Structures are given as structure tokens and as C-alpha cells.
Amino acid sequence: MNNLQHETSPYLLQHAHNPVDWYAWKPEAFEKARLENKPILVSIGYSTCHWCHVMERESFENKEVAAFMNEHFVNIKVDREERPDVDQIYMEACQIISGSGGWPLNCFLLPDGRPFYAGTYFPPEGKYNRPSWTQVLQNLSNAYNTRRETVESQAARLVEVIQKSDTSLVGNQIEGLESNQIFTPVILQNIFHSLKNRFDSENGGFGGAPKFPGTMSLEYLLNYAHFFKDETARKQVELSLDKMIMGGIYDQIGGGFARYSVDAKWLVPHFEKMLYDNALLIALLSEAYKLTKKEIYKETIEETLEWVEREMTSDEGGFFSALDADSEGVEGKFYIWDKQEIEEILGKDADLFCQFYDVSKRGNWEGKNILNRKQTLKEFAHWYNVEEEEVLKSQIKEGGKKLLEVRAQRIRPGLDDKILLDWNALQCTAYAKAYSALGNEKYKEAAERNLKFLLNKFSKGQESVSLFHTYKNADAQYDAFLNDYAFLIEAILNVYEISFDTHLLKQAELHTEYVLKNFLDEATKLFYFTSSIQKDLIVRRKDLYDSAIPSGNSTMIHNLQKLGVLLGKENYKELASEMLMNLRDAIEKYPSSFGKWSTGLMNQVFALNEIAIVGENANELANEIIFEFLPNRVLMATEVPNDDFPLLEGKISEEGTHIYICKNYACQKPVKTIEEFRQLVN
């Protein structure tokens with residue numbers, strides 16, 4: 001057993017039995033490196049990473065390799081999900097050196113933490129045009145001991161490039177122009193056409209293989225379709241969601257989406273399931289359902305949340321992080337089927353089920369079958385010559401339940417059961433969005449329960465606004481990052497809009513003020529990823545790109561825009577505007593990397609609809625309005641007069657309940673019915 005035995009991260013615990021003398025990213029490792037004058041190897045991965053498992057089996061479990069590592073290096077293991085700040089810096093170094101990145105990420109550092117070499121997977125013997133892991137270790141140990149000046153020089157250059165990389169996207173503010181001259185509909189149209197050039201008009205999504213969901217770009221298209229009445233944008237969103245739901249990337253009998261598809265048709269997933277992917281897709285599907293009322297979106301939301309409840313929820317109300325792609329050392333084994341096995345389980349109903357889910361004796365992937373749908377239920381019923389579509393649907397569902405029961409007896413993929421603040425906040429938002437689309441009280445309860453859990457378990461104390469990042473076994477640790485605060489504020493705002501508890505707005509304000517004090521770079525008007533109190537990194541970086549998850553910066557723009565209205569904070573709205581101004585050119589040029597930034601830009605061009613409902617039936621009317629697809633709104637409701645918030649100030653309702661629609665607090669004549677409300681907003 002090495003030092004990792006004392007950690008809580010499932011990824012670190014996987015390596016606790018390695019003969020390598022691993023340390024976590026803690027001060028004692030750096031102190032050891034300084035005292036013994038040894039270079040540091042930082043090996044970064046995560047529990048559901050396939051090639052991380054491979055490299056562990058091939059090299060880190062090898063006693064001879066481990067002995068060399070222990071003699072010549074101080075070895076640190078990092079869970080990239082626990083320490084995304086560490087991963088960001090050294091991934092940047094890897095991309096500078098090699099032009100690419102990935103996991104496992106193996107980075108070699110001086111004792112002070114500055115990197116001098118980095119790479120990803122290295123095989124035990126030289127192949128794939130890569131040197132062997134042993135060769136890499138020998139060469140770098142030799143370089144550190146015999147060519148120290150060269151190594152120091154390389155480290156200095158790398159750090160300089162990393163420090164400058166944050167500013168490469170930041171443009172100069174445009175002098176002498178008003179906001180409405182800088183933020184124009186033309187920019188939004190340019191973003192749309194740039195995204196349109198990457199449409200896969202046959203299979204949905206963007207580009208070819210491998211194919212990721214692209215949730216934030218799809219959200220932009222959905223909103224763009226609303227404002228510009230553009231059918232092409234709306235159809236691309238629907239096509240993308242339909243194809244994903246019908247594809248192998250979606251677990252047809254268990255619910256939930258895999259991380260990405262290795263092919264362009266969404267058939268063959270990389271089988272790991274991440275909490276954040278599913279949270280983002282549930283939120284998008286909820287908005288798409290409001291607009292389209294397509295039954296397939298409703299069913300997918302329900303099935304995916306059933307999976308979250310069944311397999312990803314702790315007894316305390318937190319959500320686990322991920323399910324591995326592998327079981328029994330084989331990727332996807334838990335999820336795939338032989339036709340004969342299905343026939344044995346379903347008997348006479350097997351033919352119908354196999355026809356619907358593309359199951360054959362030959363298989364559709366490596367001799368096995370990934371369940372997927374080639375046709376919609378309506379198309380299949382017509383093809384199968386069945387008139388009673390609901391009866392057909394019931395038979396197929398019943399078959400799926402039987403297979404799910406059998407699958408539950410298989411050896412399960414590994415569960416990463418750490419609970420991360422930022423990913424949990426995304427899932428909290430997903431539950432709130434699902435409630436606002438479907439009205440299922442269970443979803444509202446889950447959102448409120450999770451938010452209470454996050455505010456309680458991740459707090460550093462009753463009097464403190466400061467938070468931790470990760471939680472497991474009643475132990476929270478590591479200072480929270482920008483994403484944690486940004487996504488939590490977003491979740492608070494979304495739960496407010498289904499509960500109208502104004503205490504939540506005060507909570508959101510407290511966390512926002514903390515972020516402004518501890519994360520904001522006054523020079524660029526952008527936020528650092530780490531807080532000013534964190535001191536264990538060589539540089540403070542800003543995470544600007546929207547990648548697999550939104551960036552903390554783009555999420556803060558949305559938070560500031562909404563809170564600026566809800567709390568009457570002009571400085572919040574001004575900061576959001578400055579942030580967008582500084583990245584306007586980059587957003588327009590590379591919109592697929594700035595999906596959430598783009599929707600923030602849309603809110604800037606089309607001012608938020610400010611909706612206030614006042615009167616005895618305010619909550620009841622508000623609960624009808626949340627079902628409406630209206631992407632750029634803030635909503636407040638009160639049954640009694642409330643002058644504590646500017647949107648509610650001075651609004652009274654002596655007769656019945658009134659709905660006010662405002663822009664910059666300038667309100668139209670109030671209306672009393674949902675029908676009148678629809679006419680006004682449209």
C-alpha cells in the first residue's frame with residue numbers, strides 16, 4: 001500500500017496497491033522532491049479512463065518499472081476531476097510540447113512544480129511511434145541530472161507560454177461605441193452561419209467521428225430559432241436530439257447517455273456515462289420539449305432521471321460522478337447483447353424487440369449488438385404492419401424491462417462515487433429544468449434536496465461562504481473552483497424559479513460577491529479558475545472555453561445578467577457586458593468553443609424579458625408560465641406586495657393577480673391570463 005490509501009478519490013484508490021510509491025497532490029510530495037533533489041512525475045487521469053487502466057496494468061503494476069520510478073522520481077497521482085486546476089496547467093504544457101493531449105497525462109516537473117516535459121499514454125515497449133515508458137523515464141532522469149540547465153530553460157519557456165495563453169483570446173474594448181452598436185443581431189447571425197457550416201444534416205450534431213453531443217451549441221441554435229424564426233436552426237436541434245436518442249449513445253433500456261460516439265451515426269458509444277453530460281442533455285431536452293412537445297423528449301428525460309435516481313444518487317441526496325466504460329476488463333461488455341440471449345429471455349416476443357432495436361445474429365458491433373433504433377415507433381408500427389401503436393410500445397417497453405433485470409445481474413462497470421460540487425450543481429439545474437418542462441413534483445423535490453445538500457456539506461462553516469470542491473464519506477476537501485461557485489449560483493437561480501423562495505436570491509448574492517472578491521481579475525474583467533486563497537499552483541489560469549462542460553466565466557455571465565435584474569445590481573450587468581466585449585471576436589470566430597458565451601451574447605442583444613407576477617394566485621400562474629418556451633427571461637412571483645426587489649417594487653394587485661412584462665424595469669400594462677401573456681411576449 002502506498003500513500004494513496006488515505007485518499008477518497010476512487011481513481012487514486014485504484015492505484016493505492018501499486019508498487020509505485022504514489023503521493024497525492026499534497027505539500028509533502030513537493031517537500032520530498034526538494035529535499036532529495038528529484039524531478040516529479042505527475043500522472044493525471046480519472047476513474048473511467050480506459051487508457052489510464054491500460055497504462056496502470058502495463059507499467060504501474062510492474063515491480064521493476066515501479067522500482068525505477070521510486071528511485072529516480074517523486075511520483076504524484078492526480079484525479080483530474082478532483083483537481084481540474086492541476087490538470088489544466090499540465091495539459092496545456094502537453095499540448096505545447098506535442099500538439100495534442102489526453103489521458104493518462106504524464107508530466108515531468110522540477111521540484112518547484114514547473115513542467116519540462118509531458119506526454120500521454122506510453123506503452124511498456126516502444127510501438128505506435130512512441131518510446132516505451134521505461135525509455136521515457138530513463139531519458140528524463142538522465143536529462144534532469146546531467147543537463148539541468150537545459151531542463152530549467154525548457155521549464156521557464158513552458159511556464160511563460162502557459163501564462164500568456166490566457167490573454168490570446170482577449171480583445172481590446174471598442175472605444176466610442178454604445179453597447180447596442182457593439183452587440184448586434186449580425187454577430188448572432190454570423191455565429192449561426194459558422195455553426196451551420198459544421199452541421200451533419202444526415203445524422204445530426206456537428207462534424208464527423210468521433211462525435212460529441214455539442215449541447216451548448218444546440219442550445220444556442222434552439223434560442224436562435226426562437227429569436228430569428230429560423231426553421232433550419234430548429235430542425236438541426238431536433239434532428240440531433242432525435243438521432244442521439246435513437247442511437248447507441250443512448251442506453252435504450254436503462255436510460256442515460258454515454259460520453260460520445262466513436263462513429264458519426266451515434267451507434268457505437270465510448271460506453272462511460274458521465275453525470276455532467278446527462279445533466280446538460282436533460283436541461284436541453286427540457287427546453288426542446290417546451291417548444292416541440294415531442295413525446296420522445298419527455299420519455300428520454302424521464303428514463304434518464306430514473307437512471308440518475310437508480311444508479312447515481314447517494315442516500316444523502318448527492319450525485320455520483322461517473323460509470324466506467326469497462327466491466328471485467330472489456331469496454332461495453334455490460335451493455336451489449338447476443339441475439340440468442342435476447343431470444344432466451346423474451347421468447348415469442350423476441351422477434352419484435354430485435355427488429356425494433358436492430359438486433360441480428362451477426363451483430364452490429366464486433367459480433368455483438370448495441371441496442372439502437374433505426375425507425376421511430378410510428379415508422380416501425382407502419383413497417384411492422386401494426387395498427388395499435390400503443391400496444392406495440394407497451395410490448396417493446398416490457399421487453400426492455402426484462403432485459404434490464406437480466407443486465408442488473410451482470411458484473412457492473414465501476415462507479416466513481418465521489419460527489420463533485422460543480423457537476424452536482426449541473427444536475428440540480430437539470431432537475432429544476434425537468435420540473436419546469438414536465439411538472440413532475442418529484443423533480444422539484446430532487447432539485448431542492450440536492451441544493452440543500454450542496455449548501456450544507458460543501459460549506460467550510462456556518463459563517464463562511466467559502467466552499468469545498470469534492471465530498472465523499474462525510475469528508476469534503478480541496479478549495480472550490482470558479483466552476484463550483486458559478487454552477488452553484490446557476491442552480492440556486494433555477495431552483496428559485498420553481499419555488500420563488502427569495503432567501504435563495506440572497507444566497508446567490510452572497511456567493512456572487514465572494515466570486516467577485518476572490519476570483520475576478522480587474523485588469524481583464526474575467527475570472528480566474530482558482531481563488532486568491534489557493535497557493536499550491538505555479539500560475540493562476542482563466543478557463544475560457546466551453547468544452548465538455550460550460551466554463552465558469554460564461555456561466556457567470558448568465559448569472560450576472562439575471563442577478564443584475566433580480567437584485568437591481570447595475571454593476572453585475574456592466575461586468576457581464578465587459579466580459580462579452582473582451583471575448584466578442586473570439587466568440588464570433590470560434591462559436592463551437594464558446595457555446596454558452598454565445599447564448600450570453602444573445603441575452604445582451606435581446607434584453608431579458610423581466611416577468612413579475614403579483615397577487616393571490618401568483619405562484620399558480622408562475623407555475624404555468626415556466627412551461628412556456630421563453631429562453632431569455634427572468635421570473636419573479638409573490639402573493640403579497642414586496643418592495644425588497646426592484647422588479648416587484650411598487651407592484652400591487654388589488655383585484656386578482658397581475659402579470660407584468662418589463663424591459664429594464666419599464667413595464668407594459670399588466671395582464672391577468674396566460675393567453676394575454678403569450679400575446680404580449682410573442
Side-chain angles (χ1 to χ4, degrees), residues 20-23 25-45 55 59 65 68-78 80 83-122 126 129-170 521 523-524 528-530 534-544:
V20 177
D21 186 20
W22 293 115
Y23 287 81
W25 185 274
K26 300 285 173 68
E28 54 264 29
F30 291 90
E31 185 62 24
K32 178 180 172 68
R34 282 191 289 270
L35 290 173
E36 298 179 10
N37 191 26
K38 287 182 178 178
I40 296 169
L41 162 65
V42 177
S43 183
I44 303 173
M55 192 164 180
S59 297
V65 173
F68 188 90
M69 291 171 66
N70 294 338
E71 182 180 352
H72 296 281
F73 299 89
V74 174
N75 304 291
I76 297 176
K77 256 290 166 198
V78 171
R80 68 173 294 260
R83 293 303 303 262
D85 54 333
V86 174
D87 180 57
Q88 279 180 359
I89 292 170
Y90 298 116
M91 184 61 74
E92 180 93 6
C94 183
Q95 289 169 336
I96 293 165
I97 290 168
S98 67
S100 63
W103 299 276
L105 170 61
N106 293 291
C107 196
F108 294 85
L109 322 179
L110 298 172
D112 62 8
R114 289 180 295 156
F116 62 90
Y117 184 77
T120 54
Y121 166 77
F122 293 99
N129 292 320
R130 294 171 183 259
S132 73
W133 180 236
T134 302
Q135 287 173 317
V136 171
L137 294 171
Q138 290 171 341
N139 290 342
L140 293 174
S141 174
N142 181 58
Y144 181 84
N145 290 306
T146 63
R147 301 193 302 279
R148 187 65 173 269
E149 243 180 68
T150 304
V151 169
E152 292 267 3
S153 177
Q154 167 86 338
R157 286 197 302 272
L158 276 173
V159 171
E160 184 180 1
V161 174
I162 292 168
Q163 286 173 326
K164 288 180 178 177
S165 65
D166 277 344
T167 60
S168 63
L169 294 170
V170 181
D521 176 10
T524 63
Y528 289 108
F529 187 74
T530 53
Q534 190 180 326
K535 305 296 184 186
D536 62 349
L537 298 176
I538 56 169
V539 295
R540 283 182 82 189
R541 297 199 67 237
K542 300 182 187 79
D543 181 27
L544 301 177

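This is a predicted model, so every value here is computed, not measured.
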Query - Side chain to side chain, Gln534 and Leu537, heavy atoms closer than 4.5 Å - result: yes

Report task. Look up atom CG in Leu105 and atom OG in Ser43, then write down how far apart they are to the nearest 0.5 Å. Result -> 7.5 Å

Query raised in the report: Yes or no on side chain to side chain donor-acceptor pair (under 3.5 Å) for Asn106 and Tyr90, after CA distance, side-chain angles and deciding distance?
Result: CA-CA 9 Å; Asn106 293 291; Tyr90 298 116; over 6 Å; no

Query - Salt-bridge contact Glu36-Lys38 (side-chain N to carboxylate O under 4.0 Å) - result: yes

Report summary line: Closest non-hydrogen atoms of Ala93 and Leu158, given as atom of the first, atom of the second and distance, are O-CD2, 4.2 Å

Query raised in the report: Heavy atoms, side chains only, cut-off 4.5 Å: are Phe529 and Gln88 in contact?
Result: yes

Query raised in the report: Out of curiosity, Phe68 CZ to Thr134 OG1, how far, rounded to the nearest 0.5 Å?
Result: 8.0 Å

Requested in this report: Please determine if Glu28 and Lys32 form a salt bridge, counting it only when a charged side-chain N lies under 4.0 Å from a carboxylate O.
Outcome: no

Requested in this report: Provide the closest heavy-atom pair for Trp103 versus Ile44 in the form atom of the first, atom of the second, distance.
Outcome: CD1-O, 3.7 Å

Query raised in the report: What heavy-atom pair brings Ile538 and Val159 nearest, and what distance separates the two atoms?
Result: CD1-CG2, 4.0 Å

**Report entry** Step-by-step side-chain contact (heavy atoms from CB on, under 4.5 Å) determination, Leu41 to Val74
**Finding:** CA-CA 6 Å; Leu41 162 65; Val74 174; over 6 Å; no

Query raised in the report: Between atom OG of Ser153 and atom CZ of Arg148, what is the distance when rounded to the nearest 0.5 Å?
Result: 13.0 Å

Requested in this report: Given side-chain contact (heavy atoms from CB on, under 4.5 Å), test Ile89 with Val539 step by step and report yes or no.
Outcome: CA-CA 8 Å; Ile89 292 170; Val539 295; 3.8 Å; yes

Report summary line: Here the pair of heavy atoms bringing Val136 nearest to Pro131 is CG2-CG, 3.7 Å

Query raised in the report: For Glu92, what residues pass the side chain to side chain donor-acceptor pair (under 3.5 Å) criterion, not counting sequence neighbours?
Result: Ser165, Arg541

Query raised in the report: Within 45° of the six-membered ring axis of Phe30 and under 6.0 Å from that ring's centre, is NZ or CZ of Arg34 located there?
Result: no

Requested in this report: Assess whether side-chain contact (heavy atoms from CB on, under 4.5 Å) is satisfied between Lys77 and Trp25, documenting all intermediate values.
Outcome: CA-CA 7 Å; Lys77 256 290 166 198; Trp25 185 274; over 6 Å; no

Name the atoms and distances for all side-chain donor-acceptor pairs under 3.5 Å in residues 109-122, with sequence neighbours left out.
unit_1	atom_1	unit_2	atom_2	d
Asp112	OD1	Arg114	N	3.1
Asp112	OD1	Arg114	NE	3.4
Asp112	OD2	Arg114	NE	2.9
Asp112	OD2	Arg114	NH2	3.2
Arg114	NH2	Glu152	OE1	2.8
Thr120	OG1	Arg130	NH1	3.3
Tyr121	OH	Glu58	OE1	2.6
Tyr121	OH	Glu58	OE2	3.3

Query raised in the report: Between Val20 and Val65, does a side-chain contact (heavy atoms from CB on, under 4.5 Å) hold up when you go through it step by step?
Result: CA-CA 8 Å; Val20 177; Val65 173; over 6 Å; no

Report summary line: Distance col, row Asn75:CG vs Trp22:CH2, nearest 0.5 angstrom, shows 5.5 Å

Query raised in the report: In Å, rounded to the nearest 0.5 Å, how long is the span from CG of Leu140 to CD of Gln135?
Result: 11.5 Å

Query - Donor-acceptor pair between Asn37 and Tyr144 side chains, under 3.5 angstrom - result: yes

Query raised in the report: If you measure from CD1 on Ile97 to CZ on Phe108, what distance do you get to the nearest 0.5 Å?
Result: 10.5 Å

**Report entry** Considering all heavy atoms, the nearest Pro104-Met55 contact
**Finding:** CG-SD, 3.9 Å

